[in-house]
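Data block below; observations after.
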Amino acid sequence: MTAPRRHVQVAIVGAGPAGLVLANVLHRAGVPVEIRERAGRAEVEQQARAGLIEHRVVEYLRGHGLADRLLAEGGRHDWCEFVCLGELIRIPYGDLSGGAGHWVYPQQFLVRDLIASFEQSGGVVRFDCPVLEVDTSGPRPLLRCPQDVLEAEYVVGCDGPRSTVAQAFPADADAAVERRYPYDWLTVLAEVDRPVDGIRYALHEAGFAGMMPRTPRLARFYLQVPPEAELTDWTESRIRGQLSTRLHLEAGDPEPGAVTEVGMLRLRGRVREHVRAGRLLLAGDAAHVLTPSGAKGLNLAVADVADLADTLLRVHRDGEDAGEALAGYDRRRRQAAWTTQEFSDRLLDLLHLPPGGDAAESAFGLRLRRERVALLAAPGPEGEAFARAYGGAGHLRPAPVGVSRGVSAP
C-alpha cells in the first residue's frame with residue numbers, strides 16, 4: 001500500500017529549541033509548517049541540557065510572545081566568577097556590556113513552553129515519527145516517514161549533528177571543518193543544598209571545573225578529564241571530591257550532593273561549509289557543533305532560526321528572490337558560526353592548561369590566566385568586548401517589534 005502524500009510549505013525535522021522557535025514564528029505569520037520528531041514527547045520534554053539564555057535570545061522570544069513563563073519563572077543572571085590560585089575574581093558582565101545578561105531557565109522548560117505555544121495556536125508536532133529518508137529527486141523534497149510522505153517547499157534540518165536532512169545534501173555541499181580538543185569534560189547534574197547564585201569557572205592544576213545554576217536544588221557541574229576517559233573511573237565520591245577541590249568550595253558555597261545524571265562529553269567543534277543546498281536548510285547542531293564553553297549552543301541555534309524565519313518570510317510574503325535570499329542565509333550563518341566558535345575556543349584556552357606540562361609550567365600558566373581574568377573583569381575594551389559576546393548583547397535578526405535594528409548580533 002502506497003503511503004499517503006501530504007504537502008506543507010515548510011517541513012521542520014527536529015523538535016528542539018531551534019525547530020520549535022522557527023515553527024512558532026512561521027506559523028504565527030501564516031506560513032503552513034509541520035514538525036517531525038523521531039523521539040517521543042516525554043523524552044523531548046525531559047532532556048536536561050542548556051540552561052543559560054542570552055539577552056538577545058530572550059528579547060527575540062519576548063518580541064514574539066514566546067517568553068512569558070521564562071520571564072515569570074526564570075532568574076536573571078549578569079555576573080560570573082573565576083577561581084584561580086585560590087583567588088575569586090568576579091566579572092560583572094551585565095554592567096560591562098550595558099545590560100546584556102543571561103536568564104537561567106532550563107532548556108527542557110523552554111521546550112515544553114514552545115511545544116505548548118505551537119499546539120495552542122493550531123500547530124502540529126508529530127512525535128515518534130522518524131524521517132527515514134529525504135528524497136530530493138523531484139522538484140520538491142519529500143520526507144519519507146513510516147506513516148506518510150510529506151512534500152514541502154522547504155525542509156529545515158534542526159535534527160542535530162547526525163542530521164537526516166544534512167545526509168541528503170549533495171557531495172559538493174557536504175563538507176565540514178572539525179576540531180577534536182585534547183581533553184574531555186565529565187558532565188554532572190547534582191543536587192545542591194542551596195541555590196547556585198552564579199557561574200563559577202575554576203582554573204586548577206588538576207584541571208578545569210565549572211558550576212552552573214539550573215534550578216534552586218539542582219546545578220550543572222563540569223570536570224576536565226583526560227581524552228577518552230571512561231565513566232566507570234568516576235565514582236560519586238570521587239566526583240564530589242574533585243569538585244570541592246577544584247572549585248575551591250568553602251563554607252557558604254553550594255555543596256554538591258546526590259548525583260542525578262552523569263555523562264562524558266567528547267569535546268569537539270564543527271562547522272559545516274554550507275547550511276543550504278537547494279530547498280534543504282540546516283540550523284542549530286545540524287549546522288555546527290559547539291562545546292559548552294560560554295553556553296553558546298542553544299543561543300546560536302535560536303539565532304540561526306531567527307535569521308531563517310526572516311529569510312523565509314521575505315520569500316513567502318514579500319516575494320523576494322528565493323535563491324538570493326537563501327544564499328544570504330547560508331553566508332551569514334557560516335560567518336556567525338565561526339565568530340561563535342572563536343569565542344568558545346578562546347574561552348576554552350583560558351580555562352584549560354596545556355596538557356602534559358610539569359608543575360612549574362602549570363604554575364606559570366595559572367598566573368598568566370589570573371592576569372587575563374583580571375583584565376576581563378575591569379572596565380576597558382577587553383572586558384567590554386568579552387561581556388558583550390558572553391552575555392549576547394544586541395538583537396537577533398530581525399529585531400523584535402518596537403526595538404531599533406541599529407545594533408545586531410550574529
Side-chain angles (χ1 to χ4, degrees), residues 15-17 37 39-53 69-70 73-75 77 80-81 83 102-116 127 160-161 183-202 204 206-226 228-267 285 290-299 351:
E37 168 56 53
R41 183 177 191 132
E43 180 181 348
V44 170
E45 292 187 338
Q46 292 170 13
Q47 288 180 331
R49 292 185 177 173
L52 293 174
I53 307 179
R69 188 169 166 223
L70 184 162
E73 301 180 13
H77 186 68
C80 62
E81 62 186 10
V83 58
H102 290 100
W103 285 83
V104 179
Y105 195 64
Q107 177 175 316
Q108 65 271 28
F109 294 0
L110 178 62
V111 165
R112 293 171 202 167
D113 297 346
L114 293 169
I115 291 172
F127 296 101
Y183 35 75
D184 290 330
W185 282 6
L186 192 75
T187 67
V188 178
L189 195 66
E191 295 178 0
V192 284
D193 61 347
R194 67 199 67 192
V196 174
D197 292 331
I199 300 166
R200 181 178 292 188
Y201 297 107
H204 196 275
F208 159 75
M211 178 170 63
M212 320 288 165
R214 284 298 181 266
T215 70
R217 290 297 177 184
L218 283 176
R220 172 67 72 187
F221 296 92
Y222 296 112
L223 280 172
Q224 178 188 347
V225 296
E228 311 309 329
E230 297 296 335
L231 278 177
T232 53
D233 297 333
W234 289 88
T235 63
E236 282 198 31
S237 60
R238 186 183 181 193
I239 290 171
R240 284 194 292 267
Q242 283 295 304
L243 287 173
S244 180
T245 298
R246 298 188 199 183
L247 289 167
H248 196 64
L249 297 179
E250 298 178 331
D253 286 327
E255 185 69 28
V259 173
T260 63
E261 177 188 296
V262 62
M264 189 67 71
L265 184 62
R266 309 302 183 189
L267 291 182
D285 289 351
L290 298 163
T291 75
S293 173
K296 294 299 178 185
L298 179 154
N299 294 293
L351 298 175

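Every side-chain contact (heavy atoms from CB on, under 4.5 Å) that A209 has, sequence neighbours left out, goes to A202, L223, R246, L247. Residues forming a side-chain contact (heavy atoms from CB on, under 4.5 Å) with P292 (at least two apart in sequence, or on another chain): W185, Y222, L265, L267. Taking E45 as the reference, R41 meet the side-chain hydrogen bond (donor to acceptor under 3.5 Å, both in side chains) condition, with sequence neighbours excluded. Applying the side-chain hydrogen bond (donor to acceptor under 3.5 Å, both in side chains) rule to H204 yields no partners; only residues at least two apart in sequence or on another chain are considered. Considering only residues two or more places apart in sequence or on other chains, E191 meets the side-chain hydrogen bond (donor to acceptor under 3.5 Å, both in side chains) condition with none of them. Checked against side-chain contact (heavy atoms from CB on, under 4.5 Å), E255 has the following partners two or more places apart in sequence or in another chain: D193. Applying the side-chain hydrogen bond (donor to acceptor under 3.5 Å, both in side chains) criterion to D113, with sequence neighbours excluded, gives R69, Y105. Listed by chain and residue number, E236 satisfy the salt bridge (Lys or Arg N to Asp or Glu O under 4.0 Å) test with R240 (two or more places apart in sequence, or in another chain). Partners of P226 according to the side-chain contact (heavy atoms from CB on, under 4.5 Å) rule, which considers only residues two or more places apart in sequence or in another chain, are A229. The salt bridge (Lys or Arg N to Asp or Glu O under 4.0 Å) check on R238 picks up nothing, with sequence neighbours excluded. In this view, E261 and R220 satisfy the salt bridge (Lys or Arg N to Asp or Glu O under 4.0 Å) rule, not counting sequence neighbours.
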Next on the checklist: Run Y201 and M212 through side chain to side chain contact (heavy atoms under 4.5 Å, CB included) and show every step you take.
Outcome noted: CA-CA 9 Å; Y201 297 107; M212 320 288 165; 3.8 Å; yes
Next on the checklist: Walk me through whether I115 and R112 qualify under side chain to side chain contact (heavy atoms under 4.5 Å, CB included).
Outcome noted: CA-CA 5 Å; I115 291 172; R112 293 171 202 167; 5.9 Å; no
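In terms of heavy-atom proximity, E230 sits nearest to R266 at OE2-NH2, 4.5 Å. Nearest approach of P17 to L114, heavy atoms of both residues: O-CD1, 4.1 Å. Here the closest heavy-atom approach between residue Q47 and residue Q108 is recorded as O-CB, 3.3 Å. The shortest non-hydrogen separation linking P213 to V104 is O-CG1, 3.7 Å. The minimum heavy-atom distance between G257 and A190, with the atom names listed, is O-CB, 4.3 Å.
A donor-acceptor contact shorter than 3.5 Å is absent between the side chain of N299 and the backbone of K296.
A distance of 11.5 Å separates OG1 of T291 from CG of D184, quoted to the nearest 0.5 Å. For the atom pair E73 CD and W103 CH2, the distance stands at 11.5 Å (nearest 0.5 Å). A distance of 5.0 Å separates CG in L351 from CZ in F208, rounded to the nearest 0.5 Å.
Legend: salt bridge (charged side-chain N to carboxylate O under 4.0 Å, His left out) pairs involving residues 206-219, not counting sequence neighbours: none detected.
Shown are Q242, M264, Q224; of these, the side chain to side chain contact (heavy atoms under 4.5 Å, CB included) with L186 is made only by M264.
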